[in-house]
Each structure stands twice: as structure tokens, then as C-alpha cells.
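To keep things clear, I will list the structure first and then write my remarks on it.
The sequence lines fix the lettering, A, B, ..., with proteins before strands; numbering per chain opens at 1. As a basis for the values below, the full set of heavy atoms in this structure was taken, side chains included, without hydrogen atoms, waters or symmetry mates.
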Amino acid sequence: MDIFIFDSLSRKKREFIPIDANKVRIYACGPTVYDYAHIGNARMAVVTDLLVRVLKKKYKNVLFVSNITDIDDKIINESEKLKIPFKELTNKFSKIYNNEMLSLNVGPPDIQPKATDHIDDMILMIEKLIKNECAYVMNNHVMFKVESYKHYGKLSRRTLEEQLEGSRIEIADFKQNARDFILWKPSKDEQPGWNSPWGRGRPGWHIECSTMSKICLDTPFDIHCGGVDLTFPHHENEIAQSCSAFKPNSEPENFSKYWFHNGFVTLNGEKMSKSLGNIQLVNDLLKKYNGETIRLSLLSAHYRQPLNWNKDILEQSKKTLLRIKKNFEKIKVKDFKIFDINKNEFYEEFQNSLFDDLNTPKALSIIGKNLNKIKEKNHEDRQKIAHATFEALTLLGLYKENKNDEDFDDTLINQLIDERNEARKLKNFEKADEIRQNLKNKNIEIEDTKDGTVWTKSK
RNA sequence: GGUGCGGUGGCGGAGAGGCUACGCACCGGCCUGCAAAGCCGUGUACACCGGUUCGAAUCCGGUCCGCACCUCCA
């Protein structure tokens, strides 16, 4: 089965053909760590995580690199505000980011380079760009000369002339041209800075991704990921830098073969932004919902579609997940390993939908459709459906054994349930309901089934 | 002004020329101390206007509306 992904550079859904099938290489622009991650950061992380999982189904060796931006003006401003060293701030929030993503079943990338660990490499790349006459030095800044790259605008479909009209770009005195962007800028004495041929300073934002992807993956690599909003200018600038450093005016394909962009998370139809005060932090959501519920919410729409976030989406996902798991767990299967998942038609249909440009809504619908069929199926098919569902949930990252139950004491719960069942036997329903309420206050939901009373954590 | 994405039932959301997903919610029934779950059943749909076609939500032309990017942004 072939994998297809939509490539934003060619604007087409294309069959994915790796440069080297023995080593598939992917890069994703990671977070700038100066605050808690919001749900938009999480969407990018979850979607790329799924892409990597899907590719691993077909290719044994997939190398996934995603950076941490740990030097940037926003970081400097925030650390000045908090009166703490910038390193302290970035260390704190990169740890928080990784932990939060882990809660969403997003594993760490194979390599997670930090910008500040690659300043020397960036300086080398900038020097190369100057040598190639694609960059110039002015007032202690090093600028990329956009005019020097004839393919500039190919990814975002903007011609150099048309975007100027109505745009809010101002020509700073260190720019030859309004579109030129910063490769290196000077730092004030109190600001973080590194020595360079152009004085003490720090890198511009775009150069780090060009440098780190080159160092960690080498170019060209297979897929470059990121949010749609990064298409311009960030990704456009990355292409310009990387290709110009390789060879002036070389084609964008010399950097990355496929461009994979995920859509935005909106809130009530509007973009999340700090000024509107409608930022949804993963940290806050995790207090009310478990990671799988949040993950399912993020996967409920196709990754390229805008995702409108509201409280209903989480409630709906929570119920959906509960229903799928209950139905699945009802089929008693001792050991899935006795079956061959590659000969399971229920799983095949599911996997095909993910192989077709990560169609998660369709994949989810197939899980539901399979479970609905259970009643009319014979024993073998039921086992196959259970197996397919297990593999499907695992691939989507929606199934996790309850590992954290070890430190959870259920003695009291079982004791209360026994007490309640005693009361029910004696038809003391008032007491029975009281105990149920008591458990509910502890976030424990109970259900009386024909096999006895079962309880679940309601978070 | 330029560039791009989209408008599907009460809501979310795939699909894409005839088989009209799936989930959540609603309503009726069975079950039940109650509740929940489960099971059975019912309904509502493709922004608008033209055209092509035996047949269009799906193709073509036009109109309207929404969102995003062009400035830091996932």
C-alpha cells in the first residue's frame, strides 16, 4: 500500500517516495519556549507525531527531528520581565513542553536540537551566504538579500511585487530592500549574545531551522512540517537560505522534497491570540481532560482543515473514546499476537484511510463502523475486529494501558461498592444513592451491569 | 490590494457524478430500584443562481458569505 501526502509546494496530493527508503528523514519547526504550550502548538505536535507513526508502518527507519527555539526576542523580553536569565526560562518551558506533549502521547523527536547549541553552525552558514553574495552586512546586521534568490515566493505563491501593496512592512535603515530579512542582529550588552565576525549578537529566527535541519538530517531531506502560518515568511525564508547556501538559485526541492502544513486551531471562528485573550493552554486543559481525549479532539478534523475549538469538542471526544473502548473491551481476546494484522481486512481499511493523506475522521469512522458490525459477526470476525481496533487505537495514539494506576488505592472504592450492593440487596436505595454520590465526588463513576458493579475514573 | 482555504443534517465531520459515512445530541421503545450503559427504531443535509448529464452535494460558469496569511505566531 502506498502512502499519499498533500505537498504544499506542488499543491497536490502526491505519492510519498522517500529519497532513501532505508532512512526517511523529517523535520518539523518546534516551539519557541517562553510560555506554556497552547492547543495550536499541540495540534502541530500531534499531527506530525501521527505522520511519523504512519510512516513507521511502512518504513523501518524514520528519523524525526524537531527543534527547540531557545533564543529569540520574545524570550529575551519575557526573561527581562521576569528578571531571570533567559536560560532559566527556556529550560523550564522546554521541559514543560516535552512533558505536556508526552501527556498527549506525543513521544520526543529522535533529535531535538536547541538553537543555542548551534550558533557556530549558523555563523558558518551565514558566512557561506555572504560568500555566495546572497547576504550583506549593514549596521552590524547581516541581511539575506531576497532578490538574489529567483525562486523566492514559490512555496507561498507570492510574487515580490504584489505582496508589497497593502502590506505593513517598514523599511528599516539596515535593509536594502523591504523584504530582506535578518540573519544576524547585534545584541545590547545586557542581552544574550555570541561573538561573531559581525560583532556580538544573536541569530535571526529563520536561520536556525536551515542550519539544524542541515546538520541533523542533511539536505535534501524528505518532509518538512509546520503550521500553515509558517508558510510565509518562515518556510519561504528557510528555502531561500538553505538553497542559496547549497548553490545560488537552486530549486526549492534541494532543501525538502515535501512540505506538510497543518491547519489552524480557531476559537469561535477566530484565531487564538494573546491580545484577544482566547489562548487555550494544554496545561489548563489537562486539568480537566486526559491526554487521549485532547488528542482525539485534535484528530477529529482532517489535519489541513481549520479546527474550531470549543468546550463541546472535548466533551464529545470524551464520550466517543469511552464508547469505543467499552465496545472494544467487551470482546474478550486473550492474545492478539496469534493473529496476523496484515491479513485483517478490518484493519486494512483503517490503515488505508491514514495512508491517504492522514484522513483521521475517516479512520475514526471505520473504527466505529467495525464495532457496529460486531453483533452480526461470527466469533472469528469478532476477534479480528477487536484486534483491528486495538491496533488502530494504538497507531492513533489513543490507547494506553493504565500505567499510573499503581499508586492508586482502590481498596476504599471496592469497599464502598460492596457496602452499596449490600444496601441495594436490602432495598435501602437511599443509602445506595448516597454512596454513589460519595464516589462521584471522588471522580469515580459506577455502573451496575449484569456482571456486577464496575467503576471508572471520570476525568 | 494580493495569496490561499472553506461553506454538508441540531452540532462535529468525511466523502465526492447514481449505493446518500461516522461520532455527539434529540425523540420513541426494550431493559432497569434509580442512574448509566446496551439494544431496537425514527427523523432532519450538502450556501445561492444558472448550465452539462438519463442522473449533481459531487463537474462547469457566476454570485454571496466566512476564515487565514502578506507583521511575531503552530
Side-chain angles (χ1 to χ4, degrees), chain A residues 8 11 28-32 34 37-48 66 69 72-74 77 153 155-170 178-179 181 205 225-234 236 261-266 269-275 279 296-302 304-310 312-313 315-324 326-327 330 353 356 359-372 375 423-425 427-430 432-433 436-437 440 445-450 453-454 456 458:
Chain A
S8 346
R11 304 247 159 221
C29 296
T32 303
Y34 68 108
H38 58 69
I39 196 66
N41 297 307
R43 187 182 197 191
M44 176 263 159
V46 165
V47 164
T48 19
S66 188
T69 299
D72 164 274
D73 284 3
K74 291 194 294 293
N77 291 342
L155 177 69
S156 58
R157 315 263 147 148
R158 289 157 215 266
T159 64
L160 295 180
E161 299 73 33
E162 70 195 9
Q163 60 179 305
L164 266 188
E165 238 180 303
S167 94
R168 286 162 280 180
I169 299 173
E170 279 176 41
R179 285 174 301 272
F181 56 89
W205 173 37
C225 312
V228 263
D229 56 326
L230 294 185
T231 310
F232 191 91
H234 185 56
E236 199 72 71
H261 287 108
N262 64 276
F264 247 78
V265 178
T266 59
E270 279 179 322
K271 180 178 170 171
M272 283 194 296
S273 77
K274 288 205 165 172
S275 53
I279 295 272
L296 177 61
S297 300
L298 289 170
L299 295 177
S300 65
H302 184 86
R304 274 189 286 118
Q305 293 298 116
L307 177 63
N308 193 25
W309 196 260
N310 54 52
D312 295 342
I313 197 171
E315 285 298 325
Q316 193 173 308
S317 298
K318 183 174 154 186
K319 285 177 187 163
T320 303
L321 206 53
L322 200 65
R323 182 178 163 276
I324 291 176
K326 269 189 179 170
N327 276 318
K330 260 197 313 206
S353 62
D356 184 15
N359 194 336
T360 49
K362 193 173 178 190
L364 256 3
S365 86
I366 288 160
I367 294 176
K369 209 158 61 175
N370 286 159
L371 289 170
N372 287 341
K375 306 176 276 296
R424 288 173 69 213
K425 249 183 228 166
K427 301 219 186 288
N428 185 353
F429 297 124
E430 212 171 288
D433 291 345
R436 180 179 15 221
Q437 186 57 47
K440 200 171 183 173
E445 294 280 354
I446 54 169
E447 265 178 61
D448 300 321
T449 73
K450 59 178 187 295
T453 303
V454 296
T456 45
S458 63

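- For the C1' atom pair drawn from B/C22 and B/U8, the interatomic distance equals 14 Å after rounding to whole Å.
- Counting atom types as modelled, A/Asp72 pairs no side-chain N or O with a base atom of B/C72 as donor and acceptor under 3.5 Å.
- The same atom, P, is picked in B/G12 and in B/A25; the two are 15 Å apart, to the nearest Å.
- Remark: B/A68 base-pairs with B/U3. Criterion, Watson-Crick or G-U wobble with two distances under 3.5 Å.
- Close to B/G15, at under 4.0 Å from its OP1 or OP2, lies a side-chain N or O of A/Asn359.
- A donor-acceptor pair is defined here as one N or O able to donate and one able to accept, closer than 3.5 Å; no such pair exists between the side chain of A/Glu447 and the backbone of A/Val454.
- Comparing A/Arg11 and A/Leu230 by the nucleotide of RNA chain B that holds the closest heavy atom to each, the one mapping nearer the 5' end is A/Arg11.
- Residue contacts for A/Arg424: at a heavy-atom cut-off of 4.0 Å it reaches a base atom on one of the strands shown.
- A salt bridge is defined here as a Lys NZ or Arg NE, NH1 or NH2 lying under 4.0 Å from an Asp or Glu carboxylate O, and A/Lys362 with A/Asp356 fails to meet this definition.
- Positionally, the nearest nucleotide of RNA chain B for A/Lys319 lies more toward the 5' end than for the other of A/Lys319 and A/Asp448.
- Contact of the A/Trp309 side chain with the A/Thr266 side chain is not registered, since no non-hydrogen atoms from C-beta on lie closer than 4.5 Å.
- With hydrogens and angles ignored, no donor-acceptor pair under 3.5 angstrom links the side chain of A/Asn310 to the base of B/G12.
- Looking at heavy-atom distances under 4.0 Å, A/Gly227 makes contact with sugar-phosphate atoms alone, never a base.
- The partner of B/G61 is B/C49, judged by Watson-Crick or G-U wobble contacts that both fall below 3.5 Å.
- Atom-to-atom distance recorded for A/Ile324:CD1 and A/Ser317:OG is 9.5 Å, nearest 0.5 angstrom.
- When distances are taken from the side chain of A/Pro361 to each of B/C72, B/G13, B/A36, the shortest belongs to B/G13.
- A/Val265 comes within contact range of at least one nucleobase, with a heavy-atom separation under 4.0 Å.
- Going from atom CD1 of A/Ile446 over to atom P of B/A35 covers 14 Å, rounded to whole Å.
- B/C31: no Watson-Crick or G-U partner with both key distances under 3.5 Å is found in any strand.
- The distance from the CG atom of A/Leu371 to the NZ atom of A/Lys326 is 13.5 Å, given to the nearest 0.5 Å.
- Nucleotides B/A68 and B/G62, compared at atom C1', are 25 Å apart to the nearest Å.
- Using Watson-Crick or G-U wobble geometry with both donor-acceptor distances under 3.5 Å, B/C54 finds its partner in B/G18.
- Across all strands shown, B/C11 forms a Watson-Crick or G-U wobble pair, both distances under 3.5 Å, with B/G23.
- Within 3.5 Å, a donor on the side chain of A/Arg436 pairs with an acceptor on the base of B/C34, or the reverse.
- A/Asp312 comes within 4.0 angstrom of nothing in the nucleic acid, heavy atoms only.
- Counting non-hydrogen atoms under 4.0 angstrom, A/Gln305 reaches the backbone sugars and phosphates but no base.
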